[in-house]
Amino acid sequence: DPLTGKVRSWMFDSDGGFGDGQWAFVEDSWVVKSTAVLPDGQTGSATITMTPQGKDRFVIKGTDRFSGNERSRDFEHIVTRQPPKPTK
């Protein structure tokens with residue numbers, strides 16, 4: 001985003017929902033503060049943290065998640081790059 005000098009992202013889905021995120025590098029992780037408008041008009045928000053765990057792996061955590069007035073459960077996933085298949 002040239003106005004703020006920070007990384008910003010946008011998301012659009014086929015049902016009419018959309019969202020955006022403000023990114024910041026904090027300590028050793030990317031932290032995304034995201035907001036969204038759901039297809040039914042409700043709003044949502046979350047904090048997503050992505051932490052590298054070496055060259056081919058990272059942990060993604062979702063916290064402070066809300067959909068409308070309801071809190072959603074936090075989550076944590078490990079994402080690993082799949083090695084190439086062996087050649088014959």
Novice: Crowded around N69 CG? As in, over 12 foreign heavy atoms under 6.0 Å?
Specialist: no
Novice: Is it the case that the side chain of D15 and the backbone of G17 share a donor-acceptor pair, with hydrogens and angles ignored and the cut-off at 3.5 Å?
Specialist: no
Novice: To the nearest 0.5 Å, what is the distance between NZ on K55 and CZ on R81?
Specialist: 6.5 Å
Novice: Does the side chain of S45 pick up a donor-acceptor pair with the side chain of D64 at under 3.5 Å?
Specialist: no
Novice: Specify the closest pair of heavy atoms between G62 and I48, including all atoms of both residues, with the distance to one decimal.
Specialist: CA-CD1, 3.8 Å
Novice: Is it true that atom CZ of F75 has more than 12 heavy atoms of other residues, nucleotides or ligands lying nearer than 6.0 Å?
Specialist: yes
Novice: Find the distance between CZ (R8) and CG (D20) and round it off to the nearest 0.5 Å.
Specialist: 5.0 Å
Novice: Hydrogens and angles aside, do K33 and T47 bring a side-chain donor and acceptor to less than 3.5 Å of each other?
Specialist: yes
Novice: About how many Å separate CD of Q22 and OG1 of T4, when rounded to the nearest 0.5 Å?
Specialist: 6.0 Å
Novice: Side-chain heavy atoms nearer than 4.5 Å, only ILVMFWY residues, links allowed to pass through others: does that put V31 and I60 together?
Specialist: no
Novice: Test of understanding: clusters of I, L, V, M, F, W, Y form through side-chain heavy atoms closer than 4.5 Å, transitively. Do V7 and W10 belong to the same one?
Specialist: no
Novice: Taking all non-hydrogen atoms of both residues into account, name the closest pair between G21 and V32 and its distance.
Specialist: CA-CG1, 3.9 Å
Novice: Would you say the side chains of W23 and S9 form a donor-acceptor pair under 3.5 Å?
Specialist: yes
Novice: Between D74 and R65, is the closest basic N to carboxylate O distance under 4.0 Å?
Specialist: no
Novice: Hey, does R57 have a side-chain heavy atom less than 4.5 Å from the side chain of I78?
Specialist: yes
Novice: Are there over 12 heavy-atom neighbours, none belonging to R73, within less than 6.0 Å of that residue's CZ?
Specialist: no
Novice: More than 12 foreign heavy atoms under 6.0 Å from CD of E76: is that the case here?
Specialist: yes
Novice: Kindly compute the distance separating CE (M50) from CH2 (W30), expressed to the nearest 0.5 Å.
Specialist: 8.5 Å
Novice: If you look at every heavy atom in L3 and D1, which pair is closest and at what distance?
Specialist: N-OD1, 2.9 Å
